[in-house]
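Order of the sequence lines fixes the chain letters, A, B, ..., with proteins taken first and strands second; residue numbering starts at 1 for each chain. Since the structure is predicted, the reported quantities are computational estimates derived from the model, not experimental observations. Quick note: numbers below take in every heavy atom, side chains included, and nothing from hydrogens, waters or symmetry partners.
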Amino acid sequence: MLRVNLPDGSVLEYSRRVRPSDVAADIGPRLAAATLAAEVDGKIVGTDAPLPESGEVSLRLLTKRDPEALDLLRHSCAHIMARAVMRLFDGVQLAFGPTVTDGFYYDFLLDRSISEADFPKIEAEMAKIVKQDEPFERIEEPHDRAIELCAGLGQALKVEHLREGLGQEEMVSFYRQGEFVDLCRGPHVPSAGAIGAFKLLSVAGAYWKGDASNQQLQRLYGTAWFTQKDLDEYLKRLEEAKRRDHRVLGKQLELFLIDPEVGSGLVLWLPKGATIRRELERFIYQELLKRGYQPVYTPVIGRVQLYETSGHYPYYADSQFPPIEMADGDRFLLRPMNCPHHIRIYQSKPRSYRDLPLRIAELGTVHRFEQSGELNGMTRVRGFTQDDAHIFCTEDQVAEEFRGCLDMTQFVLKTLGLEDYRVRLGFRDPASDKYVGRPEDWDRAEAALEQVCREVDLPELEIERGEAAFYGPKADFVASDCIGREWQLGTVQLDYNLPSPQRFNLEYIGTDNRPHQPVMIHRAPFGSLERFTGMLIEHFAGAFPLWLAPEQARVLVVSQKFEDYGRRVEQTLREAGLRVSGDYRPEKVGAKIRDAQLELIPYMLVIGQREAETETVSIRDRREGDLGAMPLAQAIEKLQAEVHNKTLRT
RNA sequence: GCUGCUGUAGCUCAGUCGGUAGAGCGCGUCCUUGGUAAGGACGAGGUCAUGGGUCCGAAUCCCAUCAGCAGCUCCA
């Protein structure tokens, strides 16, 4: 006897073996037709997955109203795409075909390359399959039979996966739909007809099992939805996201430039972008000073030997600009990070425990030769400036210093209204040999870091093995760009290795009058100014809060007759510390407003006869529209207050 | 670095079958002097990414290079 508990509290009892589809049918034919999958005791299964013969289960039938069903739909669509590809091309080997956010992909190995020109053909074949509406049938096979089956189908990659990835499994499942059979955990929607709308999006290379030393497969990306309307809305969302892309806005609003004559991945900050950066720098310096940091300046190159000591040079040889070799054989490296210079400042005199914690900060410009395929607007570049600092402290001070770094990073993000981020704890992968230092130091560092992070209120804290820096574990603040790619912004890293005798051999004299090894913390709340600014552009869609806006206000004269008063207003604002310009073109005020709106200028000060006579300005807020006239002095106070408070305009 | 795609005026883009280049916006000049999202007229502006090749003839076809886009790999 099986008791089935349904979400509405009702209970059905069965003395025979049933599947979710049977339960749905018992409830009603409409539900039976609409059911795409089921959730049994919290686990998503297909409608044909047998329920236990006895006992008690809770069952939820999933229809197109449930987001979980959409995921299944996409997975099923990946199978249909694979089926179409196998019909159209010879010798196709299947790799993996999972769902991703808003869609799915499938990796194929085949002789000829697939290009976007092939999409209509593939989509047409998929449409045929969807129209036929054949069911997805689950088949379970013992491991050895599965290998035979895949080998018989010529699916060598699947055989490899069965042997290596699924070597421990006794039984594995396949899904069959017509002539198409695929090793797959499932579940799937009952049949192909559930797919309301789909579209192939792109094709790209992808390495087998994600390893660049393996063969490259062809990955087809697509998306699928319950209805054409959902698909259209999704495509529209993609279009809209593109409009806030920092590369598009950076050009449109003249914020920055990447010029091939200068070099790819090298950012030229235009005056307006430079203004934003300067304000961010001012903000971060104020904050550093409040928090007991000591700013320094150091050069952008150093002797190669310095980076041999740190371990960076051997470790990252491929991703650095090659050393500059002098006639006398001396070699210099364009610095790929700032820590060695700061370490040498630490070592410039004997340090006592009384000096600690020592916090050395610098907006340090570094250069790294990133792979060409990685370069991306301002988010991945070859020259960038970190809001870097290195804290040298005693073991006892680590937790508090680390907490302070997390706090500063959170403060910075909050000030800018960046709430949508996650924190990644990057720990070492014990199986990898890329990490330096003693395992016991690593354990200590990871434990210390995790404990502090757990104490502090951090959103979406996750531990990721293998994400540590080679010298220590770290906490990264990660945010997504307009098309959903994740980027590391702020980072706080704990380092027991660079101070060690094998590296720089840092010391301080303790209360016991004996030398001890300090601990280092590397931290950068923004991360890089380039990447952070890029993300800010997208976050604000180019409409910056007043304190960051390159042009905070524009004086618009109704007619050129009022140019004199307009220029006086402009000058008064400028003297009050505001960034302002004036539009005295012989255009109608409507045209001037439109231009200012499109340039995302926060405030427009409209000036005509009335204002000139009464020493007032008519303020127009870019978002709110006309706010009416007010005395010039009052307008200035209003703007200054907004700047001072770093008000976020929502 | 790898796979696929793309590169035409300052910007966004069109350019058919290979026959010597077009629009809108912007820019300049002139007219208009106006009240909260586009006033009008005229004009200038292109080594069709770069270098080779095929062809009587190349923006168009082929190759290479450079750059960008999407993805993979990498990310101190």
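More than 12 heavy atoms of other residues, nucleotides or ligands shown are found within 6.0 angstrom of CD on Gln347(A).
The pairing partner recorded for G7(B) is C66(B), the criterion being a Watson-Crick or G-U wobble arrangement whose two distances lie under 3.5 angstrom. A 3.5 Å limit on both hydrogen-bonding distances identifies no Watson-Crick or G-U partner for G34(B).
A side-chain N or O of Asn338(A) and one of Gln386(A) form a donor-acceptor pair less than 3.5 Å apart. In summary, the side chains of Tyr307(A) and Gln320(A) do not present any donor paired with an acceptor at a separation below 3.5 Å, with no hydrogens or angles considered. Counted by atom type alone, Arg335(A) and Thr298(A) present one or more donor-acceptor pairs between their side chains at under 3.5 Å.
Residue-level contact check: Tyr105(A) touches neither bases nor backbone, having no heavy atom under 4.0 Å from any strand. Within the 4.0 angstrom heavy-atom criterion, no nucleotide atom of any strand lies near Lys209(A). Looking at heavy-atom distances under 4.0 Å, Gln320(A) makes contact with a base. As judged by a 4.0 angstrom heavy-atom cut-off over every strand, Lys474(A) is placed among residues touching the sugar-phosphate backbone only.
Atoms CZ (Arg503(A)) and C1' (A76(B)) sit 12 Å apart, rounded to a whole Å. Look at CG on Leu110(A): it is 12 Å from C1' on U3(B), rounded to the nearest Å. His367(A) has its NE2 atom 18 Å from the P atom of A76(B), to the nearest Å. Put simply, NZ on Lys251(A) is 14 Å from P on G7(B), counting in whole angstrom units. Atom CG in Asp111(A) sits about 15 Å away from atom P in U3(B), given to the nearest Å. Put simply, CZ on Phe89(A) is 13 Å from C1' on G4(B), counting in whole angstrom units.
Results of the side chain to side chain contact (heavy atoms under 4.5 Å, CB included) test with Val296(A) over His390(A), His341(A), Glu362(A) single out Glu362(A) as the only residue that passes. Exactly one residue among Lys588(A), Arg585(A), Arg554(A) makes a salt bridge (Lys or Arg N to Asp or Glu O under 4.0 Å) with Asp595(A). That residue is Arg585(A).
Between A58(B) and G40(B), the distance separating the two P atoms is 42 Å to the nearest Å. Rounded to the nearest Å, the gap between the P atom of G39(B) and that of U33(B) is 14 Å.
Side-chain atoms of Arg424(A) never come within 3.5 Å of backbone atoms of Asp476(A) as a donor-acceptor pair (strictly under, hydrogens ignored). Arg244(A) places a side-chain N or O within donor-acceptor distance of the main-chain N or O of Glu538(A), the cut-off being under 3.5 Å.
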In 5'-to-3' order, the base (B), backbone-only (S) or no-contact (-) status of each nucleotide in nucleotides 29-37 of chain B, using a 4.0 angstrom heavy-atom cut-off, is ---BBBBBB
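Interface remark: the Arg368(A) side chain does not form any donor-acceptor pair with the C74(B) base, using a distance-only criterion of under 3.5 Å. Evaluation of atom-type donor-acceptor distances gives a pair under 3.5 Å for the side chain of Ser319(A) against the base of A76(B).
Note on Glu370(A) versus Arg531(A): no salt bridge recorded, every NZ/NE/NH1/NH2 to OD/OE distance being 4.0 Å or above. For Asp621(A) and Arg649(A), the salt-bridge test passes: some basic side-chain N is under 4.0 Å from an acidic carboxylate O. Using a 4.0 Å cut-off between charged nitrogen and carboxylate oxygen, Arg465(A) and Asp429(A) do not count as a salt-bridge pair.
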Considering only nitrogen or oxygen atoms on both sides, find all protein atoms under 3.5 Å from nucleotides 67-71 of chain B and state each distance.
| unit_1 | atom_1 | unit_2 | atom_2 | d |
| --- | --- | --- | --- | --- |
| A67(B) | OP1 | Ser264(A) | OG | 3.2 |
| C69(B) | OP1 | Arg247(A) | NH1 | 3.1 |
| A70(B) | OP1 | Arg247(A) | NH1 | 3.3 |
| A70(B) | OP1 | Arg247(A) | NH2 | 2.7 |
| A70(B) | OP1 | Arg485(A) | NH2 | 3.1 |
| A70(B) | OP2 | Arg247(A) | NH1 | 2.9 |
| A70(B) | OP2 | Asn376(A) | OD1 | 3.3 |
| A70(B) | OP2 | Arg485(A) | NH1 | 3.4 |
| G71(B) | OP2 | Arg485(A) | NH1 | 2.5 |
| G71(B) | O3' | Tyr221(A) | OH | 3.1 |
| G71(B) | O2' | Tyr221(A) | OH | 3.1 |
| G71(B) | N2 | Gly205(A) | O | 3.3 |

Could you go through nucleotides 41-47 of chain B and list every protein N or O atom that sits under 3.5 Å from one of its N or O atoms, giving the distance for each pair?
none

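Residue-to-nucleotide proximity on RNA chain B shows that, of Pro336(A) and Gln218(A), the 5′-proximal contact is made by Gln218(A).
Of the listed nucleotides (C75(B), G1(B), C11(B)), C75(B) has the atom at the smallest distance from the side chain of Tyr316(A).
For Tyr106(A) and Phe108(A), the ring centers sit closer than 6.0 Å to each other.
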